[in-house]
Number of protein chains: 2
Amino acid sequence: MSRMKSIEPTINADDVAPPPRAAQKILSVARDLFYRQGIRAIGVDEIVKRAGVTKPSLYRSFPSKDELAASYLRQYDLEFWDRFDEAVAAHPGDPRAQIAAFLTRVGKRTQKADYRGCGMTNAAVEYPERSHPARIVSEANKQELRRRLRAMAAAMGAADADTLGDGLLLLIEGAYISGQLFGLGGPAQSVARNADLLIGASLKK
Amino acid sequence: MSRMKSIEPTINADDVAPPPRAAQKILSVARDLFYRQGIRAIGVDEIVKRAGVTKPSLYRSFPSKDELAASYLRQYDLEFWDRFDEAVAAHPGDPRAQIAAFLTRVGKRTQKADYRGCGMTNAAVEYPERSHPARIVSEANKQELRRRLRAMAAAMGAADADTLGDGLLLLIEGAYISGQLFGLGGPAQSVARNADLLIGASLKK
DNA sequence: TGACAATGTTACCGATCGGTACGTATACAT
DNA sequence: ATGTATACGTACCGATCGGTAACATTGTCA
């Protein structure tokens with residue numbers, strides 16, 4: 001009720017977005033809290049408090065907390081593939097360089113102070129049940145990542161493309177976890193170098 | 001520390017400080033539930049119910065749920081190094097074979113139906129706060145693992161031992177996570193093969 | 001047997017969990 | 001103005017969270 005700042009003369013001309021303003025704010029806050037603290041660690045009360053809204057607003061835009069978590073991960077999925085495709089686009093037709101570019105960036109990100117790993121991976125750890133909405137999004141993302149890594153390994157001319165693709169996936173997941181386990185100076189900073197060594201050892205002679 | 005399992009029916013000569021029977025049962029049940037479902041997902045009520053005891057029994061043996069979780073991880077730590085040292089002892093003086101033996105077993109375990117990854121790693125994901133009792137145990141375990149892997153890499157004669165040791169750690173953590181993310185047929189089954197390729201590529205020529 | 005300590009039990013605490021019934025404020029078309 | 005639809009807020013729900021006070025039972029010694 002202390003919303004006395006109606007200095008604005010008429011209606012806001014810029015905010016023409018049809019989806020409820022509250023939903024966007026809620027998702028934005030939830031994304032931040034879920035990633036940094038974990039999904040189970042954050043209650044809906046804290047989300048709505050920090051978003052400056054109330055609970056019914058949350059439940060009008062999202063059917064449940066679990067679905068809100070799934071929405072957070074769907075957004076995370078989009079941003080993940082943006083980053084991935086950015087590395088791919090930077091080196092057309094050169095999958096080895098594409099991997100190197102992607103992993104160099106991953107390695108750098110893991111060295112940042114507030115790094116908390118991969119939101120997808122973390123969610124899967126928090127929710128082992130296969131049917132959980134958040135986990136379904138997470139599993140789909142990882143399946144697709146595996147598919148693409150194997151395809152890139154094949155394009156590199158690996159002797160055993162599936163094994164190399166899976167090896168790269170193991171290194172990536174290891175970097176995500178190690179990045180949040182060890183802080184600065186952790187093993188994750190060497191992920192690009194190790195991946196390149198593994199690739200070199202996996203190509204057809 | 002009186003590690004003899006005496007069969008004497010008389011007084012317990014070895015077990016000088018008899019840990020309460022209830023405490024053992026509680027820890028056993030907690031270990032199972034924490035590992036399979038996650039620590040945050042399990043309440044103390046469920047633990048005591050399944051253990052056939054009541055809550056005060058739990059809180060007389062453990063100061064808090066967080067400390068119970070830490071105790072679970074301390075036990076996990078012991079069993080982990082048992083498995084690790086078993087692989088080491090199987091191939092004296094041959095660190096490359098030791099790693100191969102350990103990772104072959106890890107790869108096999110990840111293919112079991114109820115595999116839920118590494119309890120240490122999972123706990124660290126669940127509790128990002130550095131000061132949490134469970135996370136402290138987890139971090140110590142991982143630091144030690146890193147130290148030993150780097151030492152083994154050096155013993156193998158790696159060109160860059162620290163990088164290889166860290167690469168092996170990334171593969172291992174990746175296997176833990178991938179094992180629970182993808183079920184059967186996941187990337188984790190190739191961890192030993194990929195590790196061997198990486199080792200081969202990292203030795204001094 | 002009696003004394004004592006360890007262990008187990010009943011019943012309860014305040015706080016927080018995810019979720020909802022229901023009334024209110026605002027915008028726009030008629 | 002008035003109807004109508006939509007967005008938002010107040011107040012509350014039962015269940016469960018981790019944790020505890022007070023009491024009953026048990027086993028082990030002298």
Side-chain angles (χ1 to χ4, degrees), chain A residues 1-27 29-30 33-34 37-72 126-127 129 132-134, chain B residues 8-13 15-30 33-34 37-72 123 126-127 129 132-134:
Chain A
M1 282 308 152
S2 56
R3 195 102 310 190
M4 305 275 292
K5 58 181 309 184
S6 59
I7 313 279
E8 300 295 324
T10 58
I11 48 175
N12 41 2
D14 53 350
D15 201 352
V16 291
R21 310 190 321 277
Q24 211 68 15
K25 185 76 208 257
I26 288 167
L27 187 54
V29 169
L33 293 178
F34 282 163
Q37 323 241 126
I39 299 172
R40 291 199 119 113
I42 296 296
V44 290
D45 290 277
E46 178 141 11
I47 293 173
V48 299
K49 201 179 81 183
R50 297 227 201 183
V53 299
T54 55
K55 255 195 283 193
S57 292
L58 191 158
Y59 283 97
R60 251 174 247 118
S61 300
F62 305 93
S64 65
K65 185 200 174 186
D66 289 345
E67 280 300 332
L68 172 60
S71 292
Y72 145 58
E126 286 197 272
Y127 296 98
E129 222 164 298
H132 193 284
Chain B
E8 286 110 87
T10 60
I11 322 175
N12 42 0
D15 213 349
V16 279
R21 305 192 325 277
Q24 211 68 15
K25 184 77 208 256
I26 288 167
L27 187 54
S28 160
V29 169
L33 293 178
F34 283 164
Q37 322 242 126
I39 299 172
R40 290 200 120 111
I42 296 296
V44 291
D45 291 277
E46 177 139 13
I47 293 174
V48 299
K49 203 179 80 181
R50 296 227 202 185
V53 299
T54 54
K55 256 193 285 190
S57 293
L58 190 157
Y59 283 97
R60 263 189 288 269
S61 299
F62 305 92
S64 65
K65 184 200 175 185
D66 289 345
E67 280 300 333
L68 172 60
S71 292
Y72 144 58
E126 285 198 273
Y127 295 99
E129 223 164 297
H132 192 285

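Each chain gets a letter, A, B and so on, in the order its sequence line appears, and its residues count up from 1.
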Under the rule for salt bridge (charged side-chain N to carboxylate O under 4.0 Å, His left out), what residues qualify as partners of Arg50(B), not counting sequence neighbours? Glu46(B)

Nucleotides 9-18 of chain C: protein proximity per nucleotide (B base, S sugar-phosphate only, - neither; heavy atom, under 4.0 Å): BB------SB

Quick one: list whatever passes side chain to side chain donor-acceptor pair (under 3.5 Å) with Lys55(A), sequence neighbours left out. Asp45(A)

How would you list, by chain and number, every residue that makes a ring-ring contact (aromatic ring centres under 6.0 Å, His included) with Phe62(B), sequence neighbours excluded? none

The ring-ring contact (aromatic ring centres under 6.0 Å, His included) partners of Tyr59(A) (sequence neighbours excluded) come to none

Protein-nucleotide distance ([X], atom [atom1]; [N], atom [atom2]), rounded to Å:
X        : N       : atom1 : atom2 : result
Lys25(B) : dT7(C)  : NZ    : P     : 17 Å
Leu58(B) : dA21(D) : CG    : C1'   : 17 Å
Glu67(A) : dG19(C) : CD    : C1'   : 15 Å

Under the side chain to side chain contact (heavy atoms under 4.5 Å, CB included) rule, collect the residues that match up with Glu67(A), sequence neighbours excluded. Pro63(A), Ser64(A), Ala70(A), Arg74(A), Pro133(A)

